[in-house]
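A short worksheet on the structure shown next.
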Amino acid sequence: MKEKKFKRTTVTAALPYANGPLHIGHIAGAYLPADTYVRYLRLKGEDVVFVCGSDEHGVAITLGAKKEGVSPKQFVDKYHALMKQAFADFGISFDIYARTSNAIHHQTSQDFFRTIDAKQGFIEETSDQYFDEQENIFLADRYIVGTCPNCGNPNAYGDQCEKCGTSLSPRQLINPRSTVSGQAPVLKATKHWYFPLDRFEAWLKEWLVEGHKEDWKVNVYGQCKSWIDQGLQPRSITRDLDWGIPVPRPDAEGKVLYVWFDAPIGYISATRELKGADWEKYWKDPETRLIHFIGKDNIVFHCIIFPCMLKAEGSFILPDNVPANEFLNLEGEKISTSRNHAVWLHEYLAELPGRRDELRYVLNSISPETKDADFTWKDYQQKVNSELVAILGNFVNRVMVLTWKYFDGRVPSAAELANTSEKRARVLSLYQQAHEDLEKSVTEMIAALDGFRFREAQFQLMNMARIGNKFLADTEPWKLAKDDMEAVGAILNYALTVVGNLAIASEPFLPDGSANMLTQLNITARHESHRFWNTHTLVEPVPAGHRLNPASLLYRNVEDAEMEGQVQKLKKPVISTTPMAAESHAPKPLKPEIVFDDFGKIDLRIGTVTAAEKMPKSDKLLKLTVNSGLDVRTILSGIAKHYTPEEMVGKQVTFVANLAPRKMMGIESQGMILMAEDSDGKLRLLQPHEAVMPGASVS
RNA sequence: GGCGAGGUAGCUCAGUUGGUUAGAGCAUCGGAUUCAUAACCCGAAGGUCGGCAGUUCAAAUCUGCUCCUCGCUACCA
């Protein structure tokens, strides 16, 4: 694609869902790269608006509120405040952090809906859906469980059975029940509106598949293309719920917009809230460049569905790029809120105060730009100590200390280093080399920023400090100080120039360190900064004769003791301190009461697994041969993700012996192995405390 | 199961038309140095480029198969 000239840029960062605090995965995925990019654009002097806000609608909010015993409004108020504060404390420089429960957002979303409705209409469709009479809500698929018609798993979800992997619809479940109340739901007719995504297929092929083949990241493009190639279906955009944005139609009483429909419009309403009457040019002027920063789980929505919505509305511009990141793991495992396996942003800020740049630096240097990345505290400590402290911090410090030592804190003049001596000639040539290397790094850093390659950009920043260190080591001003102070002055003058350029260059990555450097240098450098970012060349922000402030350390080493606590916290995530995690730990609701006779019908036995193999073509099923004491039977169990066939052999298992046989993948399963399911979905065998005879009954 | 993205030195990653001894930073080891937060600077060592097979004079790079990780698979937000 040809490089297009834009007048301004609208940058969005994914709206975080207001049901829990932020963790480092969120930051690394969207907010840090977005913030870095926006800071860069601002420094260039571009007209940029950076919007974000809390996503506060949806069923999960209403359920979360119920669990905490508060209203949805109170619930989102709490998490909105928490997230807004954490972002602010961390220094993410949103121009506005809005929220989707604001009136202006409701109005914007309804206007958006009305326009599309008037222009080309939505598809209306009435269907029977499960309804929880006790809670008075319609149940989304994930909130219905029942017995899987395929494998007999009694806890299959309405969309899929996690045991056998079969895709289901709620209607297929046997004995469905609501996960909210535990009650059996009833079928109730309800009308919904669907967005005709299928009508945009041809347009998407042109705009996205052809138009963004080259300039979008390969992971983003690949997934979009695959989605489009599979064919698109109309998508429901309304829900039966009393929390959300009312559907603006007279015949839509009690309906709200589906949260996925209103959430991205939140970017628009946030801009409206911020800019007032001036907002439209950030969304409707073709000379505005729209960039969405998101995590990979949001790709399809931001690259396909939202653009189609914008296109359908008709007056909006489309995203120019969607630099989605992959995921961040923590100490080799997925970040999990339910197991409290996470580093929470607000906790980090409280427990490691004054270390904002450190987290930015580490997260940026492992940024999951092309594949999932792993955050470890050991790596954090190492990167801070041996890069941020040892290379950048140390360079700045030694230049400052040298200047104070030899020139009493006054910037020495850059005397002409004529070839009057061999030593001076050498310094001159080292200077020329350093300058050339520095210019190259600056050019590459800015090119990387333009290409959303923030890891690379930050590496080039550090490279500038490396070049500075080498320059000092090569010129050895502390030796020249014995007989040629003019040369020392010239060397330090240049070294201070490098520090000044580092102060300017580090602002998008390390805002605190940047400010600290400017303070030490006693400059503001606004004009030079603008020049630096626009011309891609070194500037001279520190004039000779200028008085410096006293030297102070930029960064401190992270001591082992500081890491101890963090590592320990992850090792024993017994009870979480965060409300969100505590709530996810809550066991499933109690099922309806039964009488003893109901229980007595079930014949539970202990058996021994004599053979086990993986079912071919199945991800989840193991085929077990079980000696039940009475017979030897084949039982299929959806535990392949949790146990290998090898480890199953010889194990005693508890199983339902009188369950009607069921055929799965062509093989009959004669029973069902009992498993305990942890909050993270992990399955563990139920075994007798000590070995018993096969066939022993369980009661 | 289908689709998408990844699998390159201990760690984080480069390697865009297939072509000399596969690169960088950090870590490790050795050396040098003392202005500096035992920091910096120089040097060395370290990789069967996930595996197998194929195309080719030549493959990390192309083709097929296969293994591993993550995501999507359409009403969980």
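If you're wondering where the values come from, they're calculated on a predicted model, not measured in any experiment. Below, read A as the first sequence line, B as the second, and so on, with proteins coming before strands; counting in each chain starts at 1. Computation of the quantities below employed the complete heavy-atom set of this structure, encompassing side-chain atoms and omitting hydrogens, waters and symmetry-equivalent molecules.
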task: Could you tell me whether the side chain of A:His192 and the main chain of A:Thr238 form a donor-acceptor pair under 3.5 Å?
output: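 Answer holds: yes.
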
message: Would the distance check show the side chain of A:Asn397 and the main-chain N or O of A:Leu553 forming a donor-acceptor pair, the cut-off being under 3.5 Å?
response: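 A pair under 3.5 Å: no.
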
Pick base, sugar-phosphate or nothing for [X], based on heavy-atom distances below 4.0 Å to the nucleic acid.
| X | answer |
| --- | --- |
| A:Lys334 | sugar-phosphate |
| A:Asn469 | sugar-phosphate |
| A:Thr370 | sugar-phosphate |
| A:Lys405 | sugar-phosphate |
| A:Glu387 | sugar-phosphate |
| A:Gly231 | base |
| A:Ile391 | sugar-phosphate |
| A:Leu232 | base |
| A:Asp372 | sugar-phosphate |
| A:Tyr555 | base |
| A:Val389 | base |
| A:Asp229 | nothing |

query: Do A:Asn516 and A:Gln520 have a side chain donor and acceptor closer than 3.5 Å?
result: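 Yes - a donor-acceptor pair under 3.5 Å links their side chains.
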
task: Examine the side chains of A:His105 and A:Ser109 and answer whether a donor and an acceptor come within less than 3.5 Å of each other.
output: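 Checked: A:His105/A:Ser109 side chains pair up, N/O donor to acceptor below 3.5 Å.
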
What is the distance, to the nearest angstrom, from the [atom1] atom on [X] to the [atom2] atom on [N]?
| X | N | atom1 | atom2 | value |
| --- | --- | --- | --- | --- |
| A:Asn557 | B:rA39 | CG | P | 7 Å |
| A:Asn329 | B:rC70 | CG | P | 8 Å |
| A:Tyr17 | B:rC76 | OH | P | 12 Å |
| A:Ile299 | B:rA74 | CD1 | P | 17 Å |
| A:Glu358 | B:rU37 | CD | C1' | 13 Å |
| A:Trp216 | B:rU16 | CH2 | P | 25 Å |
| A:Tyr258 | B:rA74 | OH | P | 12 Å |
| A:Asn394 | B:rC40 | CG | C1' | 6 Å |

Does a salt bridge link [X] with [Y], judged by any charged N lying under 4.0 Å from a carboxylate O?
| X | Y | value |
| --- | --- | --- |
| A:Lys296 | A:Glu326 | yes |
| A:Asp512 | A:Arg360 | no |
| A:Glu369 | A:Arg453 | no |

Any idea which of [options] is nearest the [X] side chain?
| X | options | result |
| --- | --- | --- |
| A:Arg466 | B:rC35, B:rU37, B:rC41 | B:rC41 |
| A:Ala473 | B:rU37, B:rC41, B:rG25 | B:rC41 |
| A:Lys479 | B:rC72, B:rU33, B:rG25 | B:rU33 |
| A:Leu402 | B:rC35, B:rU37, B:rA39 | B:rC35 |
| A:Asp474 | B:rG25, B:rC41, B:rC35 | B:rC41 |
| A:Asn397 | B:rC42, B:rU37, B:rC35 | B:rU37 |
| A:Val401 | B:rC35, B:rG71, B:rU37 | B:rC35 |

task: Using the closest heavy atom to pick a nucleotide of RNA chain B for each, name whichever of A:Val218 or A:Ser236 lands nearer the 5' end.
output: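 Its nearest nucleotide being more 5', the pick is A:Val218.
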
- prompt: With nearest nucleotides of RNA chain B determined for A:Tyr406 and A:Ser386 from heavy-atom distances, which residue corresponds to the more 5′ nucleotide?
  reply: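 Taking each residue's closest nucleotide, the earlier one in sequence belongs to A:Ser386.
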
Distance check, [atom1] atoms only: [N] and [M], in whole angstrom units.
| N | M | atom1 | answer |
| --- | --- | --- | --- |
| B:rC42 | B:rU63 | C1' | 46 Å |
| B:rA32 | B:rC40 | C1' | 11 Å |
| B:rU56 | B:rC41 | P | 49 Å |
| B:rC72 | B:rC76 | P | 12 Å |
| B:rC65 | B:rC29 | C1' | 42 Å |
| B:rC52 | B:rU16 | P | 23 Å |
| B:rG50 | B:rG7 | P | 8 Å |
| B:rA74 | B:rC3 | C1' | 13 Å |

Can you tell me the base-pairing partner of [N]? Count Watson-Crick or G-U wobble geometry only, both distances below 3.5 Å, and say none if there is no partner.
| N | answer |
| --- | --- |
| B:rG43 | B:rC29 |
| B:rC13 | B:rG23 |
| B:rG6 | B:rC68 |
| B:rA60 | none |
| B:rC49 | none |

task: Look at A:Lys470 and B:rC42 and indicate whether a side-chain polar atom (N or O) is within less than 4.0 Å of OP1 or OP2.
output: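 For B:rC42, OP1 or OP2 has a side-chain N or O of A:Lys470 closer than 4.0 Å.
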
Please list, for nucleotides 8-12 of chain B, all pairs of protein and nucleotide N/O atoms separated by less than 3.5 Å.
{"from": "B:rU12", "atom 1": "O2'", "to": "A:Ser365", "atom 2": "O", "distance (Å)": "3.3"}

task: With sequence neighbours excluded, tell me which residues meet side-chain hydrogen bond (donor to acceptor under 3.5 Å, both in side chains) with A:Asn329.
output: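 Checked A:Asn329 against side-chain hydrogen bond (donor to acceptor under 3.5 Å, both in side chains); zero matches.
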
- prompt: Under 4.5 Å between any side-chain heavy atoms of A:Val498 and A:Tyr494, yes or no?
  reply: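 In short, these two side chains touch, coming nearer than 4.5 Å.
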
A:Phe261 ring center near A:Phe195 ring center (under 6.0 Å):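 No, too far apart.
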
task: May I ask you to check whether A:His23 and A:Phe375 place their ring centres under 6.0 Å from each other?
output: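 No - the distance between ring centres of A:Phe375 and A:His23 does not fall below the 6.0 Å cut-off.
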
